[in-house]
There are 2 protein chains.
Amino acid sequence: MSKPYVVGIDIGGTNTVFGIVDARGTVLASSSIKTQKHADINDYISELHEELTKLMVANDAEDKIAGIGIGAPNANYFTGIIADCVNLPWPTPIPLADLVYEKFGIPVAITNDANAAAIGEMTYGVARGMKDFIMITLGTGVGSGIVVNGQLVYGHDGFAGELGHVIVKRNNGRTCGCGRSGCLEAYASATGVARTAREFLDARANEPSALRALDIDSITSKDVYDAAIAGDKLAKDVFDFTGNILGEAFADFITFSSPEAIILFGGLAKSGDLLLKPLKESLDKNTISIFKGKVKILLSELKESDAAVLGASALGWEAKTAADINKK
Amino acid sequence: MSKPYVVGIDIGGTNTVFGIVDARGTVLASSSIKTQKHADINDYISELHEELTKLMVANDAEDKIAGIGIGAPNANYFTGIIADCVNLPWPTPIPLADLVYEKFGIPVAITNDANAAAIGEMTYGVARGMKDFIMITLGTGVGSGIVVNGQLVYGHDGFAGELGHVIVKRNNGRTCGCGRSGCLEAYASATGVARTAREFLDARANEPSALRALDIDSITSKDVYDAAIAGDKLAKDVFDFTGNILGEAFADFITFSSPEAIILFGGLAKSGDLLLKPLKESLDKNTISIFKGKVKILLSELKESDAAVLGASALGWEAKTAADINKK
């Protein structure tokens with residue numbers, strides 16, 4: 001009998017969340033450990049194994065796991081390795097798929113977190129039945145997972161889908177964590193929104209804003225959101241500015257793969273019409289006529305608390321295939 | 001016995017070129033008619049049928065044609081229809097695949113010219129064996145055909161791959177034939193190069209240039225090329241400017257599909273190092289570190305005179321499949 005469950009593991013900079021998932025996308029049980037606790041990757045894998053084993057035993061799921069799917073920053077589907085990554089505490093490259101496989105004896109597939117989200121959306125979420133869509137994660141950074149013709153776009157090296165690093169401002173653009181400047185991520189991420197707020201507060205020094213009551217250096221996108229919802233003009237302008245840039249960028253993305261939808265995921269995506277209204281207006285204004293009005297802007301349907309685990313777990317079903325690719 | 005030949009038809013604004021091609025990519029025979037001769041599409045199809053029949057009879061190829069592949073502006077692989085197109089003399093939409101199938105009784109597949117070039121390159125050219133590459137055609141306009149995971153990217157509506165209409169200049173960009181401004185095509189096409197030359201001649205009025213001997217309004221990219229090859233500084237700067245913009249745009253394209261190569265095709269691609277040197281320098285400077293040095297810039301290997309027909313003909317081998325898609 002084929003095994004009825006998969007394990008999904010989402011390795012974030014702070015927490016590692018994991019769960020046991022069935023074929024319908026029900027999370028049977030989930031738990032988490034601190035990503036930063038162990039300086040040695042082997043100790044981390046050991047704790048992960050220990051905690052996951054407890055979870056499996058408690059849910060009578062031992063020997064019923066078809067595969068383990070892992071979403072992690074800069075994780076490469078083809079090689080099973082985490083390349084260069086500033087958010088994790090271990091020296092890179094990390095042969096993650098091999099390490100986990102050796103510990104668990106279960107087929108493992110890994111990919112980056114945005115790709116995992118796209119797979120999750122296609123398997124369990126709003127992209128079910130879609131063959132062409134783009135998933136954009138608006139979190140601390142901006143990530144993307146692209147699906148073309150029903151398949152995730154990995155590119156020739158496994159690193160495709162870095163749309164957070166498309167240049168949206170060629171001249172005098174903001175510096176980006178990638179070392180260049182003007183990247184979409186420097187504007188349309190949660191940190192980008194906070195930067196915009198600081199810039200606006202500075203440039204519009206005479207304009208009153210609820211944000212001025214806060215310590216300017218520690219303003220977060222949540223602060224800007226709260227102020228905008230309460231009617232603060234400057235805070236609302238921050239979202240207009242952000243939505244406009246996203247719309248311009250999306251109009252370019254569409255010329256590439258002509259997706260049925262662009263799906264938003266992550267903290268900022270929960271800003272609702274504050275972000276969506278200017279985004280859609282900008283998209284409509286900037287889209288070339290052949291694509292105008294054709295592309296849906298959708299929000300992820302995955303339940304926030306389960307989304308990361310679900311996305312990674314969906315990859316677990318193809319873990320066998322990925323393992324075969326690695327053997328080639 | 002399966003049929004050994006395909007027919008390739010390339011419908012350009014001026015000429016329609018067609019030929020009979022075998023499985024190795026040898027063009028057995030080719031000919032052409034004037035695209036603009038007939039105001040009625042049915043008369044055009046009749047002349048095409050007549051001329052192609054002559055060619056088949058002369059080459060003992062009747063009843064040996066497995067499929068007809070057609071490359072044409074704005075031709076849609078999924079629907080078999082030519083959408084809105086300013087370069088052809090007939091009212092759109094044109095149900096091209098159906099019209100040709102009815103006349104010839106042979107399976108027909110159509111796609112736009114840049115996609116046909118990509119398929120040709122993958123089947124017979126420098127992209128043989130590649131699963132991920134981007135074909136950029138630098139002609140009167142800028143077209144693109146994108147291959148991901150060994151498949152052409154058509155998108156959900158069949159119109160994917162309009163990279164000539166990515167915005168490379170957000171503010172005060174040049175007007176583009178698409179009705180917007182700042183598109184790559186307005187800068188990096190043959191006409192874009194001529195526009196750049198005119199702008200430079202105007203802005204650098206005191207600088208001598210061989211181009212000043214020409215009628216400024218009718219300067220062509222070929223004139224600029226000839227002057228640059230002869231050492232003209234201003235003309236060389238035009239190619240530096242063009243290559244720089246292409247490099248910037250390609251650095252963005254790479255973040256999408258992480259291709260093994262970007263392949264250049266079309267008139268401007270024959271400018272050699274004049275264009276390639278600044279293009280490669282700009283690409284290297286603008287590429288995010290994860291992709292730096294990984295992407296080859298290649299020139300099409302297809303023989304110029306055969307390329308259009310070869311590209312279209314390669315699609316002929318999948319004409320049956322496309323016909324099935326249309327039946328769905």
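Chain A is the first sequence line, chain B the second, and so forth, proteins listed ahead of strands; every chain is numbered from 1.
Chosen from A:F256, A:Y154, A:F159, the residue pairing most often with chain B at heavy-atom distances under 4.5 Å is A:F256. If you tally non-hydrogen atom pairs under 4.5 Å between each of B:S289, B:S258, B:G155 and chain A, the highest count goes to B:S258. Taking chain B as the reference chain and counting heavy-atom pairs below 4.5 Å, the highest number among A:N286, A:V168, A:I254 is found for A:N286. Among A:I288, A:I134, A:I146, A:V153, the residue with the largest count of heavy-atom pairs under 4.5 Å with chain B is A:I288.
How far CG of A:D157 is from CG of B:D132: 8.5 Å, rounded to the nearest 0.5 Å. To the nearest 0.5 angstrom, A:F253 atom CZ is 7.0 Å from B:T255 atom OG1. A:E162 contributes atom CD, which lies 12.5 Å from atom OG of B:S257 (distance to the nearest 0.5 angstrom).
More than 12 heavy atoms of other residues, nucleotides or ligands lie within 6.0 Å of NZ in A:K292, so this atom counts as buried by the packing criterion.
No side-chain donor-acceptor contact under 3.5 Å links A:R170 to the backbone of B:K169. Remark: the backbone N or O of A:T287 is not paired with any side-chain donor or acceptor of B:R180 at under 3.5 angstrom. The backbone N or O of B:K131 lies less than 3.5 Å from no partner atom in the side chain of A:H156, so there is not a single donor-acceptor pair. At distances below 3.5 Å, not a single donor-acceptor pair connects side-chain atoms of A:N149 with backbone N or O atoms of B:Q151.
When heavy atoms are compared at a cutoff of 4.5 Å, A:N171 does not approach chain B at all. Residue contact with chain A, scored on non-hydrogen atoms closer than 4.5 Å, is absent for B:F133. Interface remark: B:V148 contributes side-chain atoms only to the contact with chain A (heavy atom separation under 4.5 Å).
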